[in-house]
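Values below: all heavy atoms of this structure, side chains included; hydrogens, waters and symmetry mates excluded.
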Protein chains: 2
Amino acid sequence: MRKPVLLSFLLLIGLFFNALANDGYKLWLDYQPIQDPELKTQVKNLLDGVFFYGENDTYQVIKKELELASENMLDQSPIYSQERLGNSKLWIGTRDQLSQVLSLTQQGEIRELGADGYWRGPLVFEGKTYYAIIGNNPVGTLYGVFNWLNSIQTKTFNSSSIISDSPKVKVRMLNHWDNLDRTVERGYAGASIWDWHRLPGYVDPRYIDYARANASLGINAVSLTNVNANALILTTDFMKKVKVLADLFRPYGIKVFLTARFSAPIQIGGLKTADPLDPEVIKFWKEKTVEMYSFIPDFGGFLVKANSEGQPGPHEYGRNHAEGANMLADALAPHGGLLIWRAFVYSHEVDEDRHKQANLEFEPLDGKFRDNVIIQVKNGAIDFQPREPFHPLFGAVNHTQLGMEFQITQEYLGQATQLVFLAPMWEEVLKSKTFQPSQSSTVASVVETPINENHKTLIAGVSNIGTDRNWTGHLFGQANWYAFGKLAWDPELDSKAITDEWIKLTFGNSSELASKIETMMLESHEAAVDYMTPLGLHHIMGRSHHYGPGPWVTGGRADWTSLYYHRADSLGIGFDRTSSGSDALAQYAPEIAQEWSDPNQIPEKFLLWFHHLPWDFKLKNGMTLWDGIANHYDLGVKKAREMQQTWASLKGEIDPERFHHVEQLLAIQVEEAEWWRNACLLYFQSINHLPFPDNIEKPEGDLEYYKSLRFPNAPGI
Amino acid sequence: MRKPVLLSFLLLIGLFFNALANDGYKLWLDYQPIQDPELKTQVKNLLDGVFFYGENDTYQVIKKELELASENMLDQSPIYSQERLGNSKLWIGTRDQLSQVLSLTQQGEIRELGADGYWRGPLVFEGKTYYAIIGNNPVGTLYGVFNWLNSIQTKTFNSSSIISDSPKVKVRMLNHWDNLDRTVERGYAGASIWDWHRLPGYVDPRYIDYARANASLGINAVSLTNVNANALILTTDFMKKVKVLADLFRPYGIKVFLTARFSAPIQIGGLKTADPLDPEVIKFWKEKTVEMYSFIPDFGGFLVKANSEGQPGPHEYGRNHAEGANMLADALAPHGGLLIWRAFVYSHEVDEDRHKQANLEFEPLDGKFRDNVIIQVKNGAIDFQPREPFHPLFGAVNHTQLGMEFQITQEYLGQATQLVFLAPMWEEVLKSKTFQPSQSSTVASVVETPINENHKTLIAGVSNIGTDRNWTGHLFGQANWYAFGKLAWDPELDSKAITDEWIKLTFGNSSELASKIETMMLESHEAAVDYMTPLGLHHIMGRSHHYGPGPWVTGGRADWTSLYYHRADSLGIGFDRTSSGSDALAQYAPEIAQEWSDPNQIPEKFLLWFHHLPWDFKLKNGMTLWDGIANHYDLGVKKAREMQQTWASLKGEIDPERFHHVEQLLAIQVEEAEWWRNACLLYFQSINHLPFPDNIEKPEGDLEYYKSLRFPNAPGI
């Protein structure tokens with residue numbers, strides 16, 4: 001016993017004392033020195049003559065970013081030119097600013113990219129070639145600069161080729177579920193980075209690094225507060241605090257949103273009602289909004305969770321979601337603000353199937369929402385499970401602007417102890433065919449397409465950011481933040497490409513190392529699904545904190561129990577959502593409903609999500625359902641161990657601090673995977689009394705042991 | 001409005017991008033490069049030949065510390081000698097290990113220093129002079145090394161002089177009021193650094209830096225958990241987590257303590273009672289303690305808050321503090337553990353004067369406690385007020401070992417927004433004459449003196465440490481941690497000397513800079529007393545969070561109101577604790593009671609603590625009491641502004657990140673000082689209807705405004 005501890009102690013003190021220790025704070029903006037001589041010469045040449053076509057706050061932050069990057073990559077400061085010709089090499093500006101040096105064709109091409117797009121490439125003017133980074137607005141220019149720096153870090157920069165890009169989605173947003181007391185709901189990375197108590201007087205330098213990281217991904221909106229909202233954020237005292245953040249974020253192109261508690265007129269307005277049709281309530285929100293814009297002229301708008309999980313909403317007054325949302329939208333409209341209304345609704349009365357509730361409530365309201373309303377829909381109908389089929393609302397309404405809500409924080413996916421890379425899961429959802437409104441429609445196309453020219457599109461992600469030094473608790477949590485930003489910019493991106501890029505930015509350009517880490521990352525989500533909820537199982541984790549397995553959870557509200565979702569009995573397992581069951585399948589397009597209603601045709605990953613099947617149901621590989629479940633759980637454990645081994649093989653190739661950080665967490669992940677497998681299989685076996693398949697590792701503990709585990713202080717509740 | 005924000009924004013981004021930014025993480029262990037050529041040569045000479053007289057875990061951490069220091073100070077690694085003669089220059093070991101090279105006199109001198117003492121100086125052996133750092137045990141040696149490194153940083157190192165030192169107090173302890181959910185009671189520096197959820201599997205490298213910082217001050221004990229205790233910390237799951245920390249801290253000479261919830265036998269033991277005389281309860285604690293020592297063989301012991309502010313204790317069962325404490329002490333005794341029992345007790349029934357309660361409860365128990373019990377007494381009888389007379393229990397009991405409890409975290413002293421250096425306050429308490437047990441006794445001598453050879457002495461400080469990057473929220477909070485450690489080691493130290501040392505370690509050796517910062521620090525406590533609670537006023541802050549003024553707080557439990565403490569009415573103000581009042585004064589030695597019972601003899605700083613006096617009472621300077629109060633408040637504001645100006649004059653001499661950090665906080669401090677002054681004077685004036693003295697700045701707001709302020713999410717509650 002003594003030895004390993006001593007070893008680990010010495011290792012740890014070794015880590016600390018490493019002067020080059022990398023604690024992960026710098027994220028993907030590490031700007032390592034350029035090793036390749038040719039690349040170095042190219043970059044140095046450009047940074048020796050930087051000319052800005054104008055002056056504004058965003059160019060100030062570009063300058064600072066160039067200085068930081070240059071000092072780190074080249075060990076020198078950039079040299080700024082005072083005139084656009086002469087010694088200048090690198091031109092930075094907007095299309096307007098550069099109009100005199102751009103051909104009409106070039107101007108047209110760049111204009112086509114739209115508001116936040118950028119163009120970078122060689123530009124020949126009066127016989128000399130310059131390298132130009134051009135946006136349609138200063139923030140587009142900033143995005144172009146970040147993209148250029150990214151290409152240097154990933155060694156893909158080529159000064160003779162033209163790169164242009166523009167976001168496919170207008171509002172690319174982080175949702176912080178941060179409470180005003182600095183706790184974070186479903187936060188696993190320490191406390192909230194928003195130090196409300198010391199704002200507005202004390203400004204944490206971290207706020208700037210947060211803005212840089214987001215801007216480097218194209219994230220242009222942040223909602224600062226929990227959707228389970230506190231009305232106090234709308235008081236004048238807090239507006240003054242929020243204003244400081246908004247002022248800091250503005251040059252980075254980031255707009256601030258807040259969550260609005262629907263009952264705020266009562267809590268902070270002194271009214272007796274929050275009825276959205278009450279004139280006093282309407283007046284309250286109008287005035288509140290006017291006040292907000294007096295502090296923050298470009299305030300983004302409100303994000304609202306109403307009539308869901310006990311949150312107040314219009315239903316208390318016999319009004320529907322549209323009446324609630326439109327009242328707030330009308331207050332925001334004169335200022336250009338957005339009203340984002342969440343579709344994650346379920347009432348206190350348990351429906352026969354929670355899966356159906358959003359469609360039941362929102363389909364009848366299709367076309368009833370104002371132009372500045374976006375309905376923000378979770379990727380699946382239940383609640384950010386390890387795997388969900390796409391939410392049936394996507395494609396089901398044609399006159400309501402839907403936005404996507406992903407969860408970056410790993411509430412159900414290993415929290416801060418597991419490496420689970422979410423891009424493949426998001427990609428799976430985004431690329432899902434909806435068959436509505438057209439045969440070729442996908443979730444991505446629905447999200448990317450404004451229902452008319454007045455509407456904005458939206459992808460939001462629930463943040464995994466906290467005060468932990470590396471921001472996300474688990475170093476690989478950074479990859480999820482990164483991948484979210486990239487997919488919000490372009491929902492059709494390949495998760496492999498994103499992975500590749502993040503690895504290079506984080507761990508450098510060694511291709512062997514990159515390929516190993518890529519394999520770990522790309523397989524990690526399927527592994528987690530296997531050891532947590534294979535074959536369409538869902539919502540069988542520990543109650544409330546959602547940490548670890550809890551297939552036995554029962555008692556209290558039915559749809560907060562595991563039994564409600566897995567419905568295992570001596571005969572079979574799974575939730576029948578076909579026409580013989582809750583018929584939630586009917587909410588999807590007929591093409592899907594038809595295929596998925598057949599247990600032999602539905603993709604097996606969704607099998608038990610939609611079907612209740614006997615334990616001896618035959619899977620495609622010939623196994624019985626029970627053997628298949630057991631094998632998936634076991635495979636998940638094996639994959640987790642493989643990840644651990646792969647990482648171990650990288651020892652010496654990654655700095656010791658980050659290596660040991662991940663090494664420790666992977667050891668926890670393997671234990672947790674075994675825990676999930678053992679607990680779930682023992683539980684299901686206690687229901688079906690079938691023997692374990694021979695090839696499966698037998699659990700060490702017994703079911704009672706697993707049921708006895710308690711985690712009263714698990715984080716994030 | 002727009003301009004200042006832009007400026008501050010640019011300043012901030014400038015700060016971030018400074019590659020040399022100093023975020024305060026390194027505390028006083030920054031090891032700046034040595035500039036002085038002579039000093040550099042001396043140090044280099046020694047580090048070029050380091051010889052260790054033996055091998056153990058503590059020497060491993062010494063080696064690591066020398067490597068870090070050497071790399072930073074000299075840009076080279078130390079060179080280790082394999083033999084004690086030959087090329088060796090610097091000898092490191094214990095007295096035993098060096099016995100062959102020490103004279104008997106030298107050995108005797110070193111032995112005299114006791115357990116954790118150290119000796120460092122030149123040692124001539126076989127005609128050659130070595131520099132030796134010698135402890136009586138390895139941890140003493142570690143202390144000697146830290147002291148040597150300190151002397152290099154402060155440029156006081158002289159290789160020809162002998163320095164020896166030893167602690168005057170056995171147990172030098174931090175008390176963390178950290179909850180298991182990572183909130184920190186009265187914590188203003190982020191979340192708890194103890195990541196319980198991810199322990200034992202995940203070990204945060206910060207734990208090592210924490211241990212280094214403590215060891216560098218001689219702190220040798222830490223209680224990890226809140227005195228408002230959660231019994232779960234005593235479960236097996238948590239013991240495994242605590243063990244990891246204990247293993248990490250052991251080489252640094254730091255023992256781990258935990259808080260024991262008195263009702264744990266009920267909460268986690270399945271018993272129906274926690275009666276300390278119940279055999280099952282006795283058995284529970286015995287077994288629990290045996291289990292604890294099976295994980296942590298050198299576990300320090302338990303810290304208990306019982307029958308105070310609603311915490312469970314022996315009184316529920318008709319038992320007294322001694323019966324409660326001794327039962328736990330008996331469980332710990334076989335393992336060498338300590339039982340620390342807090343004297344901060346007050347019952348649910350409001351006494352006529354809470355000031356008297358500890359003496360009333362503990363004096364009758366004098367001599368009734370086991371040898372391994374220490375009664376931990378706050379510095380004053382109320383509750384860590386900005387200024388309190390020393391606690392009357394010091395000197396009042398002769399057969400009970402008393403330990404000191406200071407509060408490092410600034411609950412009542414500006415929290416994390418104010419620079420208030422606490423060493424002068426602690427010095428004032430420690431140097432107070434108690435006149436008991438002897439005429440020459442002081443609080444320090446009482447605390448330093450074991451009541452017999454079986455007893456250990458104790459100074460504890462309630463930690464101000466959290467996850468904030470700079471550990472303490474306010475950079476100058478580090479000085480309070482530092483000063484606490486130094487005073488726990490030697491309660492008779494001068495706070496000026498400590499200040500001097502800390503400034504040099506933190507900001508470098510410029511004497512002009514040091515003298516300016518020293519003035520700020522040494523005057524800051526008196527300033528805070530002036531603008532918060534001058535002339536003996538106390539406990540008039542905001543309810544519950546204790547943030548800001550609240551002299552009007554009333555309603556609910558009497559001794560949680562301000563009125564109970566200031567007793568202001570149209571005729572006068574102050575708490576009569578003389579024989580005509582609560583007679584708390586009688587708990588002090590007659591010498592004190594006599595002098596302080598006369599309002600014209602008592603030091604004015606304690607005037608209203610002990611006397612209720614008319615508003616026109618004449619102060620020593622001839623002012624009326626009302627004018628005096630007003631002038632003190634105003635003076636406090638002026639002093640806060642002076643601190644701000646002094647700091648502003650240091651611009652350019654301190655790195656921009658730390659400069660701006662403190663600059664922002666000082667601006668908040670001035671606002672808060674004005675708020676305190678205005679609120680308190682307006683309130684008292686509303687009671688006495690007297691005019692403000694002419695020379696006092698008139699408040700801008702009115703009393704109603706100040707009373708209306710609310711801070712529902714103030715930290716630390």
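- When the shell of 6.0 Å around OH of B:Tyr705 is examined, it contains 12 or fewer heavy atoms from other residues, nucleotides or ligands.
- The distance from atom CG of A:Leu709 to atom CG of B:Asp237, rounded to the nearest 0.5 Å, is 7.0 Å.
- Put simply, the side chain of A:Arg198 gets close to the backbone of B:Ala416: a donor and an acceptor are under 3.5 Å apart.
- Interface remark: A:Tyr207 contributes no atoms to any contact with chain B (heavy atom separation under 4.5 Å).
- Interface remark: A:Asp23 contributes side-chain atoms only to the contact with chain B (heavy atom separation under 4.5 Å).
- Within a 6.0 Å radius of NZ in B:Lys241, more than 12 heavy atoms belonging to other residues, nucleotides or ligands are found.
- With a threshold of 4.5 angstrom between heavy atoms, B:Tyr547 approaches chain A through side-chain atoms but not through N, CA, C or O.
- Residue A:Arg469 touches chain B through its side chain alone, counting heavy-atom pairs closer than 4.5 Å.
- With chain A as the partner, the residue from B:Ala667, B:Pro715, B:Gly190, B:Ala714 showing the most heavy-atom pairs under 4.5 Å is B:Pro715.
- A 6.0 Å sphere centred on NZ of A:Lys63 holds more than 12 heavy atoms belonging to other residues, nucleotides or ligands.
- If you measure heavy-atom distances from A:Asn230 to chain B, the contacts under 4.5 Å come from the side chain alone.
- Put simply, of A:Tyr202, A:Trp196, A:Tyr188, the one with the most heavy-atom pairs under 4.5 Å next to chain B is A:Tyr202.
- Note: A:Asp468 CG to B:Asp204 CG = 7.5 Å, rounded to the nearest 0.5 Å.
- Note that CG of A:Asp181 and CD1 of B:Ile717 are 9.5 Å apart. Values are rounded to the nearest 0.5 Å.
- Rounding to the nearest 0.5 angstrom, the gap separating the NE2 atom in A:His197 from the OG1 atom in B:Thr417 is 5.5 Å.
- Shortest non-hydrogen contact noted between A:Val203 and B:Gln664 is N-OE1, 2.7 Å.
- Using a 4.5 Å cut-off between heavy atoms, A:Leu232 contacts chain B through its side chain alone, with no backbone atom that close.
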